[in-house]
Amino acid sequence: MTMDSNATSSIVRLNIGGYEYLTTVGTLTHREPHSMLAAMFSGRHTVYKDPEKGYVFIDRDGKHFGHILNWLRDGLAPIPNLSDLECIQLLREAEYYQLLGLVERINEVLNKKKDERMDTDLTRTDIIKSIQSTSTYIKLRGVNLSGLDLSRLDLSGAELSYACLKNILFSDADLSEAFFVRANLQSANLQDAWLTKCNFYGADLRYAQLQTADLTHANLVKANLEGANLKGAKLNNANLNYANLHNADLEGANLDGASLFEAIR
């Protein structure tokens, strides 16, 4: 059965394990035409809806279904910025819905992270032991920690200048007054991290996840923030002189008192 344009653009209301989503038939059927979702909404099968609200209920964990919809809409999902656990949870859902393209993409990211971790100089356990064994700031200048999960750790004042920190997970970590001078933080996840008075001079923060992070009084002079997610970030009195903010998402960010001299936007 071939659906016309009105059918493919029709609104679909989904309740995935209690999470409610709105999308269209076209989104659910076009990118992955051999998936379970495409079969469900192809018009070949009867789909039962909640008689009161019109939602189609699917008894699955809906926490990551927004990523699935983004994948179906434009072939993109923030997979590199998810933790390993979140990737595995998303993979489980992608396999259930028979989204073969998304399954392949998730496995690519997991394998890449695995390869990067094999090349790292230290593990999370090593970092925790370093924190526990010293009464001063830990020094990790120039080390390779790519892909490590260092979320929720207290790394305040740490020396991480010139370190390779690509795809690292720093979410909810305390990194206040830490040094990241010319560090490589491409695609790092720093969501909700405490980054007050951090020194990011010349750091590579392209496509980093910094949403709702606290960057008050941070030094971001000459930092490359191209494509970074800074939604809701606190940038009060931050120094962004000569920083590259091209395509950075600053929606809802607080820039009160921030210096943006010669910043690229």
Side-chain angles (χ1 to χ4, degrees), residues 1-113 149 151 167 169 171-172 187 189 191-192 207 209-212 227-233 247 249-252:
M1 175 180 177
T2 303
M3 292 179 288
D4 59 30
S5 59
N6 289 331
T8 58
S9 63
S10 61
I11 299 296
V12 176
R13 293 174 171 80
L14 296 171
N15 182 331
I16 314 295
Y19 291 79
E20 296 179 349
Y21 296 93
L22 292 180
T23 186
T24 67
V25 170
T27 293
L28 295 170
T29 58
H30 284 178
R31 183 168 298 279
E32 301 258 15
H34 303 297
S35 70
M36 190 191 86
L37 291 171
M40 282 181 65
F41 295 96
S42 64
R44 300 191 299 270
H45 307 284
T46 301
V47 178
Y48 295 97
K49 299 179 180 179
D50 176 352
E52 294 184 4
K53 295 183 178 180
Y55 281 88
V56 177
F57 179 75
I58 299 176
D59 190 14
R60 297 293 298 180
D61 186 348
K63 181 170 63 174
H64 300 302
F65 196 76
H67 297 321
I68 288 174
L69 287 180
N70 286 334
W71 170 263
L72 292 173
R73 286 171 183 137
D74 51 26
L76 298 173
I79 302 167
N81 298 313
L82 300 178
S83 68
D84 286 355
L85 176 60
E86 289 170 329
C87 279
I88 291 168
Q89 291 171 339
L90 181 59
L91 177 62
R92 187 181 302 124
E93 297 308 302
E95 289 173 339
Y96 174 80
Y97 295 116
Q98 299 169 26
L99 299 165
L100 301 184
L102 181 55
V103 168
E104 182 179 359
R105 175 63 181 138
I106 296 169
N107 281 322
E108 285 177 359
V109 171
L110 286 172
N111 289 333
K112 182 179 178 182
K113 285 185 174 183
D149 182 353
S151 58
N167 298 304
L169 185 61
S171 57
D172 290 305
S187 300
N189 188 334
Q191 182 173 355
D192 294 318
Y207 307 104
Q209 299 298 309
L210 289 151
Q211 57 268 45
T212 59
N229 185 348
L230 287 152
K231 282 185 177 179
N247 288 330
D249 190 341
L250 289 159
E251 180 183 350

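The structure displayed is predicted, hence computed values, not measured ones. Each residue takes its place number in the sequence, starting with 1.
Closest of all the heavy-atom pairs between Thr27 and Leu72 is O-CB, 3.4 Å. The two residues Ala38 and Glu32 come nearest to each other via the heavy atoms CB-O, 3.4 Å. Of all heavy-atom pairs spanning Thr29 and Ser42, the tightest one is CG2-N, 4.4 Å. When all heavy atoms of Val47 and Phe41 are compared, the closest pair comes out as CG1-CE2, 4.1 Å.
Side-chain contact between Ile11 and Thr24 is present, with heavy atoms from C-beta onward closer than 4.5 Å. The closest side-chain heavy-atom distance from Leu82 to His64 is not below 4.5 Å. Annotation: side chain of Arg73 is in contact with side chain of Thr23 (closest heavy-atom distance under 4.5 Å). Side chains of Ser151 and Asp172 form no contact here, defined as non-hydrogen atoms less than 4.5 Å apart.
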Between Arg13 and Lys53, does a side chain to side chain contact (heavy atoms under 4.5 Å, CB included) hold up when you go through it step by step? CA-CA 9 Å; Arg13 293 174 171 80; Lys53 295 183 178 180; 5.9 Å; no

Determine, step by step, whether Trp71 and Leu90 satisfy the side chain to side chain contact (heavy atoms under 4.5 Å, CB included) criterion, reporting the C-alpha distance in whole Å, the side-chain angles of both residues, the deciding distance to 0.1 Å, and the verdict. CA-CA 12 Å; Trp71 170 263; Leu90 181 59; over 6 Å; no

Between Leu28 and Val12, does a side chain to side chain contact (heavy atoms under 4.5 Å, CB included) hold up when you go through it step by step? CA-CA 9 Å; Leu28 295 170; Val12 176; 4.0 Å; yes

Working for side chain to side chain contact (heavy atoms under 4.5 Å, CB included), residues Ile58 and Leu37: CA-CA 10 Å; Ile58 299 176; Leu37 291 171; 4.2 Å; yes

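A donor atom on one side chain and an acceptor atom on the other are not found under 3.5 Å apart for Asn189 and Gln209.
Atom NE2 of His45 is surrounded by more than 12 heavy atoms from other residues, nucleotides or ligands within 6.0 Å. The number of heavy atoms from other shown groups lying within 6.0 Å of CG (Asp74) is above 12.
In this structure, CG on Asn167 lies 12.5 Å from CG on Asp149, to the nearest 0.5 angstrom. In this structure, CG in Leu14 is found 12.5 Å from CG in Asp50, a value given to the nearest 0.5 Å. Atom NZ of Lys231 and atom CG of Leu210 lie 13.5 Å apart (nearest 0.5 Å).
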Under 3.5 Å donor-acceptor pairs involving side-chain atoms of residues 91-110, not counting sequence neighbours:
{"unit_1": "Glu93", "atom_1": "OE1", "unit_2": "Arg60", "atom_2": "NE", "d": "3.2"}
{"unit_1": "Glu93", "atom_1": "OE2", "unit_2": "Arg60", "atom_2": "NH2", "d": "3.0"}
{"unit_1": "Asn107", "atom_1": "ND2", "unit_2": "Val103", "atom_2": "O", "d": "3.2"}

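In this structure, the ring of Tyr21 has its center less than 6.0 angstrom from the ring center of Phe65.
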